[in-house]
Trainee: 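Dumping the structure here so I can ask a few things about it.
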Amino acid sequence: MRKKFTVAALCAAMVIGSFAGCGKKEAGGDKVINVMSFTEEIPNMVQEYLDKHPELGYKMKKTVVATTNGEYQPALDEMLKSKDSAPDIYGLEAAFVLKYTQGDAAGFAATYDSLGIKTEESLKAAEIATYASEIGTRPADGKVVALPYQATGGCFIYRRSLAKDTWGTDDPATIQTKIGGGSGNWDQFWVAAEQLKAKGYGIVSGDGDIWHAIENSSDSAWVVDGKLNIDPKREEFLDISKKLKDNGWHNETQDWQDGWFADMKGEGPQPIFGFFGPAWLINYTMGDNCGDNKDTPEHEGTYGDWAVCNSPVGFCWGGTYLASAKSAVDKMSDEKKTVVADIIKWVTLDTDENSLQYQWANGTFGGGDGSTKDTVASGVVMKKSDGATGFLAGQNMFEYFVPAGDYATGRNMTQYDETINQCWREAVRAYVAGDVDRAGAIDKFKADVKSKINITVE
Amino acid sequence: MKKKKGVSYAKWGYIFALPFCIAYLIFMIYPIFNTFTIGFTNMTDQVQMQIAQDKMIGIEPTVQVEVLENPMENYQFVLSDPNFWSSLKNTCIIWGVNFVPQILLALALAVLFTSNRSKIRGKGAFKVLFYMPNIITAATIAMLFTKLFDYNKGPVNDILRMLGVIDENINFFSMKGASRAIVAFVQFWMWYGYTMIILISGILGISPELFEAADIDGANGWQKFFYVTLPNLKSIMLFTLVTSMIGGMTMFDIPFMIGGQGGIKGHIRTLSVYIFEMSFTGGKLYNRASAASMLVFIMIAIMAAVIFFMLRDKDEAARHKIEKAQTKAYKKALKEQKAKGGVQ
Amino acid sequence: MGKKSTGSKIAHFFIYVVLILLAVMSILPFWVMFMNATRSTPEINANALGLLPSKYLWYNKSVFDGKSFDAMTGFINSMIISAGATALAVYFSSMTAYSIVAYRWKLRRPFFTFIMAVLMIPSQIISIGFYQMMYSVGMNNNFLPLIIPSIASPAVVFYMKQYMEPALPLEIVEAARIDGAGEFFTFNRIVIPIMKPAIATQAIFAFVNKWNELFIPSVLLTDSKKYTMPMMVSLLKGDLYKVEYGSIYLGLSLTVLPLFIVYFLLSKYIIAGVALGSVKG
């Protein structure tokens, strides 16, 4: 009995203690930069900048909320709504950036100009990829409110050994013609798929790989004038997905699942020729899952057996954008405004060798050893950087990834894309699995969208 | 005598129930009332955001949260949405498929572990182990089962192929029956230990005299189960049935997370997942989600009312009997200074 | 020792097979989780169901550095929230149940019906209203909105009432009154000890539920000093495109350890069996 009371008293004390602890709200203060994001990436960058400039005397207060089950957006929305806690800098992921730059929450963002950044000039001077500034521009006033640091234009990443076996060469320029790279359509790609199949190879791992390219090659967006719009190029994905499965051109994997990773190692039921993706797919995903043992100097698995060429149609996939809240900017002193502007500029627009993008491109940020080279938004930085990597047997990947950004477009996107894409891919899966017929799949898709988004569906 | 006392102490009933009521009023009534009213309005994320932005730049709000011209519009939409009905169907199927075997297994284990005659070694260890799946987070469990049944590399496919049951791998999560069965199985597996513990506590509460009497009458194990154990488990079975039904109708974590791994979500979308998707993805249509929530609430309430109606009267009667017996025994004890209590 | 028939021997054997199978299924996820905590992400991607340990435990731990993963802080925060909420839930639920069982007040029946109705409102449904209200009164980044509402836990009240009816002889209460004990004294000193087994069982359930709660804490607690363990684990997802599964499993393992301790401490009631009406036995 007494023990129970002690426990209860202890609990009570702890609760009261915690209560007292949060009685006083931490003031934003003038010497504190509030950063809100969904990963540590942006806070780390801000911290690095402040560490390099101790003379400023600024500190960072970070708020990181995971996006795992969609918790980040409600938390960010509440922060933006309240004038006191609106973040000075907040991160936006490609999947939901449109809501905050062009959609329902675009009004909360401050323009880069209002921070004192000469945005137009800097964009030109740094040669920022067009699609990136398109995504980050608010239609209401035509001003830039968010920019990324990575460039996420995508290419086709293929296995050299399978190319040699099929066409007698692994030269990117030749393979590009074989798969119709840069042609803007898929005709040649299917020819290649058949040639590969004759050798016992699949051309892609699953239909999800090809989807990003198809999605971004569409001429119109999912929502046009408040109506659901199925672009013919996106509708064609139904047939493409079925064709891939019926002909056995892929291993029927699902992106980010075991089978998909196995294909990167060449351990699927049939060897897989290639993947569609931006440079980060090589760094973050393929490099880790190609079967190479990083502890030994010799390379194993499929390391070094890859090369990059243009995709049949251009696309972009992913990316993180930086924005600043208007109500935070309105409160800032001129001095703080300059510091925030400098940080944002350093991350998104600067091009010198101390800039974030330069370090990011060369894999040296945060003391990196250069093994995670990545494409960045600035074309100027890209020209100064060398993208040669052992994973691609010494090929300079920037040669293909940088122009890939030009094929990509930010004009066929809406704030609802993440949700609508999920509905569409599910409908396609149901069609391919034989659950519904083609018309049934489109009906299912329409019903799904209708119940989640308040737009006209005909 | 007793009645008089009861009256004089009645105020304590209110006092003891007060904390519950206060906490409930503060933390629940507003959100529930909110949910109820939002269902008749135009409130979506878009409207809320617009109002907040207008406020921020200091102008009169250009839009307002207001009751719709046709207040029932959201309800009508939900009722005409095929996804709502398919979610309801999924929920009922998955719950039914998981609940029946769950209660049967839990009951069998509870009887086995409480019976004096069964000489099972390590009863305690088994009891402790069986509840363990309930400790682990749903995310881990969902991941584990997606991997087990994975199309390309899942061990289940490997084993079935090795046994010669199938020639080609099965894509479980794109199949209606299989994906529902997997979700139902996970629910079953996570909760049978919990149900078992609850039932064990119920069986142990049955007066041993009843079993002794049955022994004297020469009843066998089955007869004792049907004529002693089951009838006396009624109130605890009611608890299990009602809580499981509510848990089942609001089932969320497992179908949500398994659905999030690919496959065809529509086959395992439950009502709670439907509501979640409506209010936290896409257009964040709080108003429709609220309408859907109220509909779910009404359905659960009706189902629970039916269950209570079927079980309540007899239950109450039994309680009265016990009370009477206790009063009688108490009086007797007072008189004779000797306790002879016990349920007749 | 009486000779057993072959039939009963087979039945016995069969029972053991089923029990052991169920036990293995209970242990498996924990085993996989602990083993994966020692494996590298590529190893896990290649085969998520590793049954043997590997050598990356240290590496996985090093991933925590630089992320907002602070096991000690997360542990303390989770402990405050879960212990506080559990204590409130079992104590006040017993109290509410007692008010229904022991006193004859007029609104008793309607009140119980009301509790049953409350039990039926699914929690996700009110989450939007709940967190928006908490933000509007400035209760974000505060543990109280995660603890106090537990006072009203209708399911626990329901169980306590079902347990109390046969287990609590009202004559004991009356006897206490005759001895001049106050009502609160009677409740705290006589009723609560009788309810101990039921309290232990419900405490386990309540604690586990609270400990694993993720969505509402994630929306309400945005200050990294206030993060709970499961929130920290979900943050380990880190870069959206580079998920360190090894460290996530390590985080999950750390999250489940305290639960193990609480569970095994209270499990004697599960082993002994929580008996309804134990005082009569």
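Values reported hereafter were calculated over all heavy atoms of this structure, with side chains retained and with hydrogens, waters and symmetry mates removed. Every chain is numbered from 1, with letters handed out A, B, ... down the list of sequences.
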Trainee: May I ask you to decide if the ring planes of Tyr100(A) and Tyr90(A) are parallel, tilted or perpendicular, using 30° and 60° as cut-offs?
Mentor: perpendicular
Trainee: Which bit of Ala106(A) comes within less than 4.5 Å of chain B, counting heavy atoms only: side chain, backbone, both or neither?
Mentor: backbone
Trainee: So that I can tick it off, tell me whether Asp77(A) and Lys99(A) are bridged by a salt bridge, with the cut-off set at under 4.0 angstrom between side-chain N and carboxylate O.
Mentor: yes
Trainee: Side chain from CB out, backbone as N, CA, C, O: work out which of these in Asp417(A) comes under 4.5 Å of a heavy atom of chain B, or both, or neither.
Mentor: neither
Trainee: Evaluate side chain to side chain donor-acceptor pair (under 3.5 Å) for Lys197(A) paired with Gln270(A), printing each intermediate quantity in order.
Mentor: CA-CA 10 Å; Lys197(A) 187 69 196 174; Gln270(A) 61 180 344; 3.0 Å; yes
Trainee: Quick one: are the ring centres of Phe237(A) and Trp211(A) less than 6.0 Å apart?
Mentor: yes
Trainee: Where on Asn454(A) is there a heavy atom nearer than 4.5 Å to chain B: the side chain, the backbone, both, or neither?
Mentor: both
Trainee: Below 4.5 Å from any heavy atom of chain B, which atoms of Phe108(A) appear? Answer side chain, backbone, both or neither.
Mentor: both
Trainee: So Phe40(B) and Phe36(B), would you call those rings parallel, tilted or perpendicular, with 30° and 60° as cut-offs?
Mentor: perpendicular
Trainee: Are more than 12 heavy atoms, taken from residues, nucleotides or ligands other than Asn70(B), located less than 6.0 Å from that residue's CG atom?
Mentor: yes
Trainee: Sort out for me which of Gln50(B), Met278(B), Met56(B) touches chain A most, counting heavy-atom pairs under 4.5 Å.
Mentor: Met56(B)
Trainee: Under 4.5 Å from any heavy atom of chain A, what part of Ile57(B) do you find: side chain, backbone, both or neither?
Mentor: side chain
Trainee: Does any part of the side chain of Met36(A), heavy atoms only, come nearer than 4.5 Å to the side chain of Ile89(A), both counted from C-beta?
Mentor: no
Trainee: With a 4.5 angstrom heavy-atom cut-off, which part of Lys284(B) approaches chain A: side chain, backbone, both or neither?
Mentor: both
Trainee: Please identify, among Asp54(B), Asp45(B), Val47(B), the residue contributing the most non-hydrogen atom pairs under 4.5 Å to chain A.
Mentor: Asp45(B)
Trainee: Looking at Lys450(A) and Asp81(B), is there a salt bridge between them, counting it only when a charged N and a carboxylate O are closer than 4.0 Å?
Mentor: no
Trainee: Take a 6.0 Å sphere around CD of Gln46(B) and say whether it holds more than 12 heavy atoms from other residues, nucleotides or ligands.
Mentor: no
Trainee: Between Leu271(B), Ile275(B), Ile268(B), which is the residue that forms a side chain to side chain contact (heavy atoms under 4.5 Å, CB included) with Ser87(B)?
Mentor: Leu271(B)
Trainee: Side-chain donor-acceptor contacts of residues 439-449 of chain A below 3.5 Å, not counting sequence neighbours, with atom names and distances?
Mentor:
| unit_1 | atom_1 | unit_2 | atom_2 | d |
| --- | --- | --- | --- | --- |
| Lys444(A) | NZ | Glu426(A) | OE2 | 3.2 |
| Lys446(A) | NZ | Glu458(A) | O | 2.9 |
| Asp448(A) | OD1 | Asn83(B) | ND2 | 2.7 |

Trainee: Chain B heavy atoms under 4.5 Å from Ala430(A): which part of the residue, side chain, backbone, both or neither?
Mentor: both
Trainee: Do the side chain of Asn152(B) and the main chain of Asn251(A) share a donor and acceptor less than 3.5 angstrom apart?
Mentor: yes
Trainee: Can you list the residues of residues 157-186 of chain B that sit under 4.5 Å from chain A, counting heavy atoms only?
Mentor: Asn171(B), Ser174(B)
Trainee: Most heavy-atom pairs under 4.5 angstrom with chain B, which of Gln422(A), Gln254(A), Glu418(A)?
Mentor: Gln254(A)
Trainee: So which part of Glu252(A) gets closer than 4.5 Å to some heavy atom of chain B, the side chain, the backbone, both or neither?
Mentor: both
Trainee: Sort Tyr274(B) into side chain, backbone, both or neither according to what part of it lies under 4.5 angstrom from a heavy atom of chain A.
Mentor: side chain
